[in-house]
Amino acid sequence: MGRYDFKEVEVRWQDYWDENDTYATTEDPSRKKLYVLDMFPYPSGDGLHVGHPEGYTATDIISRKRRMEGWNVLHPMGWDAFGLPAENFAIKRGVHPKGITRQNIRNFRRQLRMLGFSYDWSREIDTSDPAYYRWTQWLFLFLYRKGLAYKKKAPVNWCESCRTVLANEQVLDGRCERCSHEVTQKDLEQWFFRVTDYADRLLEGLDGLDWPERIKLMQQNWIGRSEGVEIVFRGEDADGGFDVPVFTTRPDTLFGVTYVVLAPEHPAVSRLTAADRREEVEGYLRAARTKTDLQRTGLEQEKTGVPLGSTLVHPLSGEPVPVWTADYVLGSYGTGAVMGVPAHDERDYSFAQRYGLPISFVIRPEDEAVAGFTEGAAYTGAGILSGSGEFDGLGSEEAKDRIAAALVDCSLGERKTNYHLRDWLISRQRYWGAPIPIVYCDRCGEQPVPEEQLPVLLPDDVDFRPTGESPLARSEDFHRATCPECGQAARRESDTMDTFVDSSWYFLRFTSPHEGERPFSDHAVNYWCPVDVYVGGAEHAVLHLLYARFFTKVLCDHGLLPFEEPFLRLRNPGLILGENGEKMSKSKGNVINPDDVVDRYGADVMRLYEMFMGDFEDAKPWDTRGIVGLRRFLDRVWTTVHDTVHERRETVSPELERLLHRTVKKVTEDIEDFKFNTAISALMILLNEWTRVGGGDRGLLSVYLRLLAPFAPHLAEELWRLIGHESSIFQADWPAWDETLAAEEEVEVVVQVNGKVRDRFLAPAGTDEDELKRRARESDKVKNALQGGKIKKVIVVRGRLVSIVASRD
RNA sequence: GCGGACGUGGCGGAACGGCAGACGCGCCAGGCUUAGGACCUGGUGGGGGCGACCCCGUGGAGGUUCGAGUCCUCCCGUCCGCACCA
């Protein structure tokens, strides 16, 4: 028989699959389809880390199993190839990002092949390939024509270290998500996508998705819808009267207002500043401008502000209300102005305390003792209104509505919904990305590049070191263009697009990767999409996943797609931690390299181990010692199959047959539920029984190999061949199970007395309640436990237990 | 601060509200072997008993239930998001 030489066998089957196009997929409307997708990787110079194969193995198992069940499965792979790391590396080494990226892709492809994944490589895509980004540019123009891409000067997040602007989503704790450099604000002319137009739809669409609840919540919070009222406070100066609207979700607290605060960037600040306060106010504004967001919004910061020396008129009481400016109010949210209600808002309370502003309670809980009400702190709960004129005595919920209605009646208020979500800033002042297809003409202004001129090629010969100016602006050849409208000399847009634009539509391209006339062909997208199973890291909860949903909705609205949610089912693999339980990182020296693992134990073992480690979605530490268990498992499969083949047994023992049917059921269901660990465990249990009691025949063997095949494809192919099959095991049918055989024939029934297990007995599976009760009462142990006490009640769960409740006397 | 996930042997982890610890690692004993490794068999939560068995056990404290690792309330701890959003 010989030992199982995984090195020779695995490479041989990988070659076989390539040569036979085993995993090539074509559209076939007569067959049911399944689109199983991994988030395509950024091909980094470090190669695969052990986290990649976790998700890839899961989707591979599902894909292989479903193919065997007769589904037409689309399972592609590609490269999110544009991006900063390659560019930064290229700058450091004085080489070109294109070369680096190619090299990295080669390495990734080698590693994925080594792990035996069943991708249809004929569909491979690369976002940095002009054949791809041509369509990224096409889609930019599509959005532009629909009024969803626009340019504006705006304060934007700037990372001085990366020398580029960042999307809100790429700023973490006031720092750049790439390099952790502190992010500052800069006023720049930038391109945006109008994501905010889709805020409500992005929110509503979440309901129907089979996604982790946590991810849905993160998207909900990110969109941050809040309903309230815009309330007008009137101001007046020498030039006449004007409105200062504030946004609040608590109109019921309107009579508790003791001041109004404007953000430092609010346009009315200057107008409302009294002459004798001007110097101090301007000093404050200057200071606020130089603060970073981190300094300004960090929670630990004490709130600061200055009074403007003027007042506004309260819309309902008519009383004058002093105006302040303070940088705890954000210019970018709501109206950039808030009403200060220190009695019922914690932020306002601390601000009022610090500056000695009055605190006026207008809502009290019905039972102050129960609610822990005290005037020594803000009360933010519900209650009954007082000191609020005609609204006194109302509950706060009703008051919200009544006060809002009163304001609307006298045109001093408007019901309004606000969102945290901002429009998506897509301009990047960097080289390694898709150029934005726009030219600027002195005569005709901003002009989209005509479709037939796409792609706008990224020039190779550019000094791409970042200076804050876009590197493309320094390429004369690139920068100089002719106006598509008038033919005069014009300037080309020199910024590139955020790489998240590339990845917002790649799943559509996979359906027709060689389509030359459009980004994707209708029939292909209609057949394959939406993605049925999508697997990838939770770090994309609000970036990629939100943008891809936005793109899909836009394309759907304009007739290019017949669906508006791209990913029906989403799962996030749990983080694989280092052996010490900490995050893997080079600096901690606890990184495990997949190449080493495959070299030592083989691809099948690597796959099996990662699936066996624990719950797919939980974080779990790597344990090199634990891998050997999976190696042993496969070695035992190898020897057991050989033994069984040589025995030439024709019948299987009934016990083993029943276990086999249970295992088929378990493995089939567990794969669909992402419970790969217990599926593997079931395969181990069956093998243990098979070797322990013997009695396996060739039929069992055939079924067993097919169950194992999605997990350990190389070994399964090799043994499939051994038992006499000519073609790939993946052309075989997935095994079926017989429900009656899968059911236990005989069950162990537990007998409890007052909640404690006192005995257990075997009974045929279908035994009725009376019989179970009778047998339970007969038990000596039960009698002993009863000690003559009276039986008050007997609960029977058929096939499981008899629970006797008895008095203790 | 808010939101979410989680807490089970020496370790990774299993358990439709119904036998806690499946499966794997590790460890112990035995077999095979010149020896070691590999492999095979058995054992392995804690405590007690010669033993059949008994008691205690799922972060802590309560509760619901015939029955709680699982459901509810509070507390402690770990991890992950968001964070002055008015």
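Below, read A as the first sequence line, B as the second, and so on, with proteins coming before strands; counting in each chain starts at 1. Below, each value reflects all heavy atoms present in this structure, side chains not excepted, and no hydrogens, waters or symmetry copies.
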Distance between the [atom1] atoms of [N] and [M], in whole angstroms?
| N | M | atom1 | value |
| --- | --- | --- | --- |
| B/C84 | B/G77 | P | 25 Å |
| B/G59 | B/U8 | C1' | 10 Å |
| B/C19 | B/G37 | C1' | 39 Å |
| B/C32 | B/A38 | C1' | 11 Å |
| B/A5 | B/A86 | C1' | 29 Å |
| B/G69 | B/U58 | P | 7 Å |
| B/G30 | B/U78 | C1' | 42 Å |
| B/A22 | B/A15 | C1' | 8 Å |

Identity of whatever pairs with [N] - Watson-Crick or G-U, under 3.5 angstrom:
| N | result |
| --- | --- |
| B/A86 | none |
| B/G45 | B/C56 |
| B/C32 | none |
| B/U73 | B/A61 |
| B/G21 | none |
| B/U78 | B/A5 |

[X] near the nucleic acid: base, sugar-phosphate alone, or nothing, with a heavy-atom cut-off under 4.0 Å?
| X | value |
| --- | --- |
| A/Ala619 | sugar-phosphate |
| A/Asp618 | nothing |
| A/Arg625 | sugar-phosphate |
| A/Val805 | sugar-phosphate |
| A/Ile685 | sugar-phosphate |
| A/Ser803 | base |
| A/Arg225 | nothing |
| A/Lys792 | nothing |
| A/Leu217 | sugar-phosphate |

Would you indicate, yes or no, if [N] has its OP1 or OP2 atom less than 4.0 angstrom from a side-chain nitrogen or oxygen of [X]?
| X | N | answer |
| --- | --- | --- |
| A/Arg636 | B/C40 | yes |
| A/Lys793 | B/C66 | yes |
| A/Tyr333 | B/A86 | yes |
| A/Ser226 | B/A86 | yes |
| A/Asn688 | B/G24 | yes |
| A/Asn677 | B/A14 | yes |

Check [X] against [Y] and note the closest heavy-atom contact, atom names and distance.
| X | Y | answer |
| --- | --- | --- |
| A/Asp348 | A/Tyr328 | OD1-OH, 3.1 Å |
| A/Leu630 | A/Gly626 | CD2-O, 3.9 Å |
| A/Arg549 | A/Leu545 | CG-O, 2.9 Å |

- Would you please test A/Tyr355 and A/Trp324 for ring pair (Phe, Tyr, Trp, His ring centres under 6.0 Å) and show each step? CA-CA 11 Å; A/Tyr355 290 107; A/Trp324 288 59; 5.0 Å; yes
How many Å lie between [atom1] on [X] and [atom2] on [N], as a whole number?
| X | N | atom1 | atom2 | result |
| --- | --- | --- | --- | --- |
| A/Trp222 | B/G4 | CH2 | P | 19 Å |
| A/Arg632 | B/G26 | CZ | P | 5 Å |
| A/Lys416 | B/A86 | NZ | C1' | 15 Å |
| A/Met684 | B/G12 | CE | P | 17 Å |
| A/Lys620 | B/C6 | NZ | P | 14 Å |
| A/Leu659 | B/A22 | CG | C1' | 13 Å |
| A/Leu421 | B/C82 | CG | C1' | 14 Å |
| A/Asp345 | B/C84 | CG | P | 13 Å |

- Does the gap between the ring centers of A/Phe351 and A/Tyr349 come in under 6.0 Å? no
- Note on the structure: From the list A/Ile363, A/Val257, A/Thr380, side chain to side chain contact (heavy atoms under 4.5 Å, CB included) with A/His344 holds only for A/Ile363
- Task: Answer yes or no: is there a side-chain heavy-atom contact under 4.5 Å between A/Arg777 and A/Ile791?
- Result: yes
- How should the glycosidic conformation of B/G9 be described, syn or anti, under the criterion that syn lies within 90° of 0? syn
- Message: Side chain of A/Arg760, heavy atoms from C-beta onward: which of B/G18, B/G24, B/C19 has the nearest atom to it?
- Response: B/C19
- Message: Looking only at the side chain of A/Thr678 (C-beta and beyond, no hydrogens), which of the listed nucleotides B/A86, B/A15, B/C25 gets closest?
- Response: B/A15
- Relative to the 5' end of RNA chain B, which residue comes earlier, A/Val750 or A/Gly629, by the nucleotide with the nearest heavy atom? A/Val750
- Task: Please figure out whether A/Met218 or A/Ala682 has its closest RNA chain B nucleotide nearer the 5' end.
- Result: A/Ala682
- Record whether the side chain of A/Glu213 comes under 3.5 Å of the base of B/G4 through a donor-acceptor pair of N or O atoms. no
- Message: Below 30° counts as parallel, above 60° as perpendicular, anything between as tilted: where do the rings of A/His544 and A/His540 land?
- Response: perpendicular
- Query: Which distance, rounded to the nearest 0.5 Å, do you find between the CG of A/Leu546 and the OH of A/Tyr198?
  - Reply: 13.0 Å
